[in-house]
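In this chain, numbering begins with 1 at the start of the sequence shown. Just so you know, these numbers come straight off a predicted model, no measurement behind them. Ligands are counted one by one from 1 in listed order, and the atoms in each one are counted from 1 as well.
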Amino acid sequence: MKLRQWTTVAVVAVATVAALNTVPATASRPYDPTAQSLGALGLRHGLHVGTAVNMDALNDAGDPQYRALASSEFTSVTAENVMKWEVLEPTRGTYNWAAADQLVEFAKRNRQSVRGHVLVWHNQLPAWLTAGVADGSISKQELREILRKHITTVVNRYKGKIWQWDVVNEAVSDPWDTPSTLHYKGFWAQNLGPGYIADSFRWARAADPKALLFYNDYNIEAFGSGNPADDKTQFVYDMTKGLRAQGVPIDGVGSQGHLGTQYGNFDTLQVTAALKKFSGLGVATAFTEVDVRSQMTAGVQTGNSEEINPRLQASAANFSVLMKACLAVRSCLSYTVWGFSDRYSWVPDWFDDPPEGLATIYDENYQPKRAYQELKSDLIIAGPPYVLPRITPRPRR
Ligand code: XIL
């Protein structure tokens with residue numbers, strides 16, 4: 001009897017070793033990594049490849065391809081707009097959860113993790129809130145209570161269903177903002193002072209002990225403007241360090257990754273160094289909103305390939321730089337693109353002088369662009385010793 005048990009174990013062990021030594025294959029078809037989704041390839045490294053989701057597109061019965069790609073190509077989703085305050089509470093005290101609930105359900109059905117976006121931001125606030133503060137009918141004290149209630153209500157509703165929350169978004173000014181010494185910008189700091197950041201993380205943690213709590217911002221892909229006074233990345237680093245030192249439950253720093261081919265941008269080692277430096281604080285990192293836009297010159301708009309090709313190539317290279325850096329740093333938990341098709345990208349609406357576009361990894365007809373292929377090849381060729389599985393922090397109390 002005993003002998004038989006041991007035999008079984010031995011047979012299983014041999015089979016396991018054999019499985020590890022072969023590339024996964026089905027009887028009829030050999031394993032072809034290029035046929036895998038970005039999401040599936042990401043999981044080889046423990047990395048979630050995600051996308052922001054536009055709910056109108058997801059619900060458009062006339063465009064089934066959007067839904068098909070959103071569910072098959074990615075292992076994480078972010079609400080592009082429907083978890084923002086103006087959508088969730090358009091009238092004071094009346095919550096509109098329908099679209100956000102729907103995304104969370106969609107993710108569950110497709111076994112995707114959810115990045116919650118966003119709890120505290122100065123944009124896309126409901127008019128009742130900003131108008132009330134402006135006309136004095138909402139006092140500062142009441143505003144603080146309103147913020148506490150908002151965070152508590154939203155985090156509580158999705159408790160246990162959100163992997164990473166963007167708790168505070170874009171609180172830090174840019175080098176070109178004036179005065180250059182004011183580093184906390186916008187509505188919240190003006191009305192509540194910079195302490196709202198620590199408060200927000202504490203309120204979020206009280207509502208969900210398990211979600212990873214992130215600070216999220218743009219233009220923090222690398223250090224080194226040279227001048228510490230206007231190095232935004234350095235400011236965010238110092239801020240994060242300060243929050244950790246005070247025991248604030250911040251678990252991660254999200255780097256949005258909105259790049260443009262007309263700018264200098266960074267090489268992989270610069271971005272890797274930044275992610276490593278943040279990890280040194282004990283926080284996770286993530287790319288949360290990656291897109292790489294280009295100026296839509298007259299030539300681009302009329303289909304001149306001499307103007308289009310270099311843009312597509314530069315865009316692919318920038319997507320790839322962020323991906324390689326993320327792969328190289330074990331704290332980098334996810335790589336999320338801000339929409340996957342030019343058909344629905346926010347870029348043409350927001351950057352119109354001069355007009356910009358071509359910012360995503362699929363064209364308007366869902367044809368994968370070079371950027372998609374480069375991301376895929378980065379995920380395929382990565383491996384030990386330089387690329388190792390992710391290390392997820394335990395949520396901070
Ligand atoms: C953008 C959306 O993509 C647009 O649809 C919306 O009109 C404005 O907001 N940084 C963020 C995101 O954190 O929430 C923004 O999303 C893009 C910039």
Participant: If we only count N/O pairs under 3.5 Å, is His117 in contact with ligand 1?
Facilitator: yes

Participant: Polar-atom distance check: Glu289 versus ligand 1, any N or O pair below 3.5 Å?
Facilitator: yes

Participant: Using a 4.0 Å cut-off to any heavy atom of His258, which atoms of ligand 1 qualify?
Facilitator: 18 (C)

Participant: Which one of Lys84, Gln256, Met83, Glu170 has a non-hydrogen atom at the shortest distance from atom 15 (C) of ligand 1?
Facilitator: Lys84

Participant: Could you check whether any heavy atom of Trp338 sits closer than 4.0 Å to an atom of ligand 1, since that is the contact criterion I want to use?
Facilitator: yes

Participant: Tyr237 ring centre to Lys277 NZ or CZ under 6.0 Å, with the angle to the axis within 45°?
Facilitator: yes

Participant: For Arg144, is there an ion pair with Asp199 - N to carboxylate O distance below 4.0 angstrom?
Facilitator: yes

Participant: Name the one of Leu327, Val321, Leu322 that satisfies side-chain contact (heavy atoms from CB on, under 4.5 Å) with Thr268?
Facilitator: Val321

Participant: Got a salt bridge between Arg244 and Asp251, using NZ or NE/NH1/NH2 to carboxylate O under 4.0 Å?
Facilitator: no

Participant: Report the nearest protein non-hydrogen atom to atom 2 (C) of ligand 1: residue, atom name, distance rounded to 0.1 Å.
Facilitator: Glu80 OE2, 3.4 Å

Participant: Could you tell me the residue and atom name of the protein heavy atom closest to atom 5 (O) of ligand 1, and the distance to it rounded to 0.1 Å?
Facilitator: Asn81 ND2, 2.9 Å

Participant: Do any pairs count as a side chain to side chain donor-acceptor pair (under 3.5 Å) and have a residue in residues 280-294, sequence neighbours left out, and if so which ones?
Facilitator: Asn216-Thr288, Asn216-Glu289, His258-Glu289, His258-Asp291, Thr261-Ser294, Thr285-Ser331, Asp291-Trp346, Arg293-Glu356

Participant: If you measure every N or O of Trp346 against every N or O of ligand 1, does any of those distances drop under 3.5 Å?
Facilitator: no

Participant: Should you measure from each heavy atom of Asn169, which atoms of ligand 1 turn up under 4.0 Å away?
Facilitator: 11 (C), 13 (O)

Participant: Can Gln256 and Glu170 be said to form a side-chain hydrogen bond (donor to acceptor under 3.5 Å, both in side chains), step by step?
Facilitator: CA-CA 10 Å; Gln256 293 182 0; Glu170 302 181 355; 3.1 Å; yes

Participant: So Ser76 and Phe74, do their side chains get closer than 4.5 Å, heavy atoms only?
Facilitator: no

Participant: Nearest protein heavy atom to atom 7 (O) of ligand 1, by residue and atom, and its distance?
Facilitator: Trp350 NE1, 3.3 Å

